[in-house]
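Report on the following structure.
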Protein chains: 2
Amino acid sequence: MDRAKKKKLEQRGWTVGDAADFLELSETELRLVEMKLSLSARLRKAREKKRLTQAELADRMGSSQSRVAKMEAGDPSVSLDLLVQGLLATGASKREIASALAGKKTAA
Amino acid sequence: MDRAKKKKLEQRGWTVGDAADFLELSETELRLVEMKLSLSARLRKAREKKRLTQAELADRMGSSQSRVAKMEAGDPSVSLDLLVQGLLATGASKREIASALAGKKTAA
DNA sequence: TTAGTGTATGTCAGACTTGACATGACCGCA
DNA sequence: TGCGGTCATGTCAAGTCTGACATACACTAA
């Protein structure tokens, strides 16, 4: 399955850059990882702009500080769902989330 | 939240937590669900445009016909991750996915 | 130093998601 | 009428993700 490959990648900690030697990590998977990284970067910016601590944001979304840290760190154990929930919890709009997902520059 | 809207969602199998004290959380939940529904609608359009059957798309993404059906049906058991992977498998770009996520009309 | 605040990282049981399968409904066609 | 192709829905073992916790690190102030 595709999943085995993905897991292999994840064990190397998102070696997104040059997975060339790493079997054909499908183009799709790379794009998905890129999106996640874009969102996690945006999440940190959004949280800092709101001057929230990780613990405060965690509280807002019913999660924990450690998971928020992982979200912002782009940890492979974090789903797209959770990243989006995190951004929503900072008050981001769908449009803002979409823009982050597309990889646009942080406007703030 | 709008009663009719909620009912509609529940008919599709989504359970929307509705305690008054969790109003804010429900609001973000709702937005998340809206995004998923937008993406699933877009997925069906993208697949049909490419003239792929559910089984063919499933094959492309290493999944199964039944799961693709659930994706397009907006089944709650389908994650955002999987929907995005599905769209990527149809050849959609990040920008197109972002646009779908934001709820824009299908432009193409 | 010690204390306080904020963040990072590893672990794990329990909850959730997944692919696969079975099965049924629908449609067009011979 | 049956047949082949497509899609929908339910189920479930196996796999993944999650919140919580413990702990460590960085920095600041007393």
Side-chain angles (χ1 to χ4, degrees), chain A residues 1-14 26 28-29 32-33 35-37 39-41 43-90, chain B residues 10-17 22 25 28-29 32-33 36-37 39-41 43-90:
Chain A
M1 282 307 124
D2 237 7
R3 244 177 161 76
K5 262 187 257 173
K6 184 183 175 191
K7 186 164 190 183
K8 252 180 164 179
L9 200 226
E10 288 174 348
Q11 283 171 345
R12 304 221 165 171
W14 293 130
S26 68
T28 352
E29 280 169 337
L32 186 60
V33 171
M35 290 185 192
K36 288 191 182 186
L37 294 179
L39 289 174
S40 67
L43 176 62
R44 167 157 287 161
K45 287 197 170 78
R47 178 179 63 80
E48 288 174 345
K49 186 166 187 205
K50 286 267 183 174
R51 289 184 227 289
L52 294 169
T53 66
Q54 291 182 342
E56 286 166 344
L57 176 58
D59 203 58
R60 281 198 189 193
M61 51 186 297
S63 185
S64 61
Q65 179 267 325
S66 61
R67 189 136 300 275
V68 172
K70 290 183 218 301
M71 290 182 220
E72 295 184 353
D75 190 290
S77 83
V78 174
S79 70
L80 210 48
D81 298 63
L82 198 62
L83 286 167
V84 168
Q85 284 180 62
L87 278 162
L88 286 172
T90 68
Chain B
E10 285 177 342
Q11 282 171 348
R12 301 188 107 187
W14 297 92
T15 51
V16 180
F22 286 82
L25 183 60
T28 72
E29 256 178 14
L32 186 60
V33 172
K36 288 190 181 186
L37 293 180
L39 289 174
S40 67
L43 176 62
R44 168 157 286 162
K45 286 195 172 81
R47 177 178 65 80
E48 287 174 346
K49 187 165 187 205
K50 286 267 181 175
R51 288 181 230 286
L52 294 168
T53 66
Q54 291 182 342
E56 285 166 345
L57 177 58
D59 204 59
R60 281 198 189 192
M61 51 186 298
S63 186
S64 62
Q65 179 268 323
S66 61
R67 189 136 299 277
V68 172
K70 288 183 219 300
M71 289 181 220
E72 295 183 353
D75 190 289
S77 82
V78 175
S79 70
L80 208 49
D81 298 63
L82 198 62
L83 286 167
V84 169
Q85 285 180 61
L87 278 162
L88 285 172
T90 68

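Small disclaimer: the values here were computed from a predicted structure and weren't measured. Reckoned from all heavy atoms, side chains included, excluding hydrogens, waters and symmetry mates. Numbers restart at 1 for each chain; the letters A, B, ... are given by sequence-line order, proteins then strands.
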Can you sort out the partners of Glu72(A) under side chain to side chain contact (heavy atoms under 4.5 Å, CB included), two or more places apart, ordered by chain and number?
Leu43(A), Arg44(A), Arg47(A), Gln54(A), Val68(A)
Is there a side-chain contact between Ser77(B) and the phosphate of dT18(C), meaning an N or O under 4.0 Å from OP1 or OP2?
no
All N/O contacts under 3.5 Å from nucleotides 24-28 of chain C to the protein, with atom names and distances to one decimal?
none

Do the side chain of Ser66(B) and the base of dC7(D) come within less than 3.5 angstrom through a donor-acceptor pair of N or O atoms?
no
Can you tell me the distance, in whole Å, between the CG atom of Leu80(A) and the P atom of dT17(C)?
13 Å
How long is the line joining CZ of Arg47(A) and P of dA8(C), in whole Å?
7 Å
Whole angstrom is fine here: how far is it from CD in Gln85(A) over to P in dC17(D)?
14 Å
By nearest nucleotide on DNA chain C, pick out whichever of Pro76(B) and Gln65(B) is the more 5' one.
Pro76(B)
The test is side chain to side chain contact (heavy atoms under 4.5 Å, CB included); show your working for Leu32(B) and Leu80(B) and say whether it passes.
CA-CA 9 Å; Leu32(B) 186 60; Leu80(B) 208 49; 4.0 Å; yes
Could you work out, with side chain to side chain contact (heavy atoms under 4.5 Å, CB included) as the rule, every residue matching Ala73(B), not counting sequence neighbours?
none
Atom-to-atom span, CG of Asp81(B) to P of dT18(D) - whole angstrom
8 Å
Gap between atoms CG and C1', on Leu57(A) and dA8(C) respectively (whole Å):
16 Å
Return the nearest nucleotide to the side chain of Ser63(B); candidates are dC7(D), dG19(C), dT18(C).
dG19(C)
Ranking Asp75(B) and Thr53(B) by the position along DNA chain D of their nearest nucleotide, the one closer to 5' is Thr53(B)
Starting from the C-alpha separation in whole Å, work towards a yes-or-no answer on side chain to side chain contact (heavy atoms under 4.5 Å, CB included) for Arg67(A) and Val78(A).
CA-CA 8 Å; Arg67(A) 189 136 300 275; Val78(A) 174; 3.9 Å; yes
Nearest 0.5 Å, what's the CZ-OG1 distance between Arg60(A) and Thr90(A)?
8.0 Å
On a heavy-atom basis, which atom in Leu83(A) and which in Lys36(A) lie closest, and how many Å separate them?
CD1-O, 3.6 Å
Non-neighbouring partners of Ser66(A) that pass side chain to side chain contact (heavy atoms under 4.5 Å, CB included), sequence neighbours left out
Ser64(A)
For Ser79(A), report the nucleic acid contact type (base, sugar-phosphate, nothing); a contact means any heavy atom under 4.0 Å.
sugar-phosphate
Would you please name every residue forming a salt bridge (Lys or Arg N to Asp or Glu O under 4.0 Å) with Asp75(B), sequence neighbours left out?
none
How many Å lie between CZ on Arg51(A) and P on dG6(C), as a whole number?
14 Å
Gln54(B), nearest nucleotide to its side chain (from dA8(C), dC17(D), dA8(D)):
dA8(D)
Note: contacts of residues 67-74 of chain B with DNA chain D (heavy atom, under 4.0 Å) are Ala69(B), Lys70(B)
What verdict does the side chain to side chain contact (heavy atoms under 4.5 Å, CB included) test give for Met61(B) and Leu82(B), after you've listed the backbone C-alpha separation in whole Å, the side-chain angles of each residue and the deciding distance to 0.1 Å?
CA-CA 9 Å; Met61(B) 51 186 298; Leu82(B) 198 62; 4.1 Å; yes
At less than 4.0 Å, is any side-chain N or O atom of Arg44(A) found next to OP1 or OP2 of dG6(C)? Yes or no.
no
Quickly work out the Leu83(B) CG to dT17(C) C1' distance and round it to whole Å.
12 Å
Would Ser63(B) and Met71(B) count as a side chain to side chain contact (heavy atoms under 4.5 Å, CB included) here? Give the steps.
CA-CA 11 Å; Ser63(B) 186; Met71(B) 289 181 220; 4.3 Å; yes
Met61(B) atom CE is separated from dG19(C) atom P, nearest whole Å, by 6 Å
